[in-house]
Amino acid sequence: MKIKKTAAVLCTLTAVLLCGCGPDAAGPASDLPDISGDSGTFSKAQKITIVPADAEKTDRTITANREIDAFITEMEPENWKIESIPESAEETGTFQFAQEETIKLGRTENNGRMQTLCEITVYDSPYIKLQLSGFYHPSFSFKISPEAADYLNGYL
């Protein structure tokens with residue numbers, strides 16, 4: 001029972017830390033995790049895998065830095081608003097963001113393996129779910145612009 005309470009407290013603190021920080025506490029960006037910009041999760045991606053909802057796997061990926069940057073720009077993460085996904089929304093697919101594993105102490109080169117940074121689940125309405133990698137795999141749901149939703153669903 002104590003472990004469950006500790007886990008719940010840690011999850012809550014993680015969510016508060018991710019959502020409570022921003023450039024202006026009174027502005028709209030204050031309720032978003034830092035997912036854009038040079039230090040954000042998306043900017044670290046070296047590979048984006050596109051998996052439609054009706055498929056288990058896909059070989060469709062984006063790996064060119066220019067294409068990844070353009071993809072992130074078109075998603076407009078700076079305009080996302082934290083909001084619950086309606087029950088009527090249907091999943092259309094997932095985008096998996098990955099980067100090469102960090103070279104660990106004692107190794108001289110990377111073995112080329114990729115690690116998942118986060119996953120974005122896209123819906124048939126202008127909503128997404130962002131699941132971050134990490135020990136507790138925190139997830140957030142967002143309402144996005146109709147243009148960004150159309151862009152993402154265009155890949156699926």
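In this chain, numbering begins with 1 at the start of the sequence shown. Keep in mind that this is a model prediction, so the values were computed, not measured.
- Considering CD of Gln99 and OG1 of Thr116, their distance stands at 10.0 Å, rounded to 0.5 Å.
- A 4.5 Å side-chain heavy-atom check between Phe142 and Lys129 finds every atom pair outside the cut-off.
- In this structure, Thr61 and Ile50 have side chains that are not in contact, with every pair of non-hydrogen atoms separated by 4.5 Å or more.
- The CD atom of Glu147 sits 6.5 Å away from the CD atom of Glu76 when rounded to the nearest 0.5 Å.
- A side-chain donor from one of Thr92 and Asn153 sits under 3.5 Å from a side-chain acceptor of the other.
- The same ILVMFWY cluster, assembled from side-chain heavy atoms under 4.5 Å apart, contains both Leu152 and Ile82.
- Within the model, atoms OG of Ser145 and CD of Glu74 stand 9.5 Å from one another, a figure rounded to the nearest 0.5 Å.
- The CG atom of Asp54 sits 9.0 Å away from atom CG of Leu156, with the distance rounded to the nearest 0.5 Å.
- Put simply, the side chain of Phe140 does not reach to within 4.5 Å of the side chain of Trp80, judged on heavy atoms.
- Contact record, Ala148 with Met75: CB-O, 3.5 Å, taken as the closest heavy-atom pair.
- Using a distance-only test at 3.5 Å, with no hydrogens or angles considered, a donor-acceptor pair links the side chain of Ser133 to the main chain of Leu117.
- Contact check for Lys47 versus Ile68: no side-chain heavy atoms found under the 4.5 Å cut-off.
- Rounding to the nearest 0.5 angstrom, the gap separating the CG atom in Leu130 from the CD1 atom in Ile144 is 11.5 Å.
- In summary, the side chains of Thr94 and Glu119 do not present any donor paired with an acceptor at a separation below 3.5 Å, with no hydrogens or angles considered.
- Scanning all heavy atoms of the two residues, the minimum distance from Phe71 to Phe97 falls at CE2-CZ, 3.7 Å.
- Using a distance-only test at 3.5 Å, with no hydrogens or angles considered, no donor-acceptor pair links the side chain of Glu90 to the main chain of Asp124.
- In this structure, the side chain of Arg60 engages the main chain of Tyr155 through a donor-acceptor pair within 3.5 Å.
- The heavy-atom pair separating Ser125 from Ala149 by the smallest distance is O-CB, 4.4 Å.
- Between Ser141 and Tyr127, every side-chain heavy-atom pair lies at or beyond the 4.5 Å cut-off.
- Inter-residue side-chain proximity for Gln46 and Met114 is flagged as met; some heavy-atom pair is nearer than 4.5 Å.
- Rounding to the nearest 0.5 angstrom, the gap separating the CD1 atom in Ile48 from the CD1 atom in Ile72 is 5.5 Å.
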For this session: Show the numbers, then the answer: is there a side chain to side chain contact (heavy atoms under 4.5 Å, CB included) between Leu132 and Cys118?
Result: CA-CA 4 Å; Leu132 301 173; Cys118 65; 4.0 Å; yes
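- Side-chain contact check for Thr121 versus Ile128: every heavy-atom pair is 4.5 Å or farther apart.
- Hydrophobic clustering places Ile62 together with Tyr151 (ILVMFWY residues linked when any side-chain heavy atoms are closer than 4.5 Å, directly or through intermediates).
- Taking the side chain as every heavy atom from C-beta outward, Phe95 and Val122 approach each other to under 4.5 Å.
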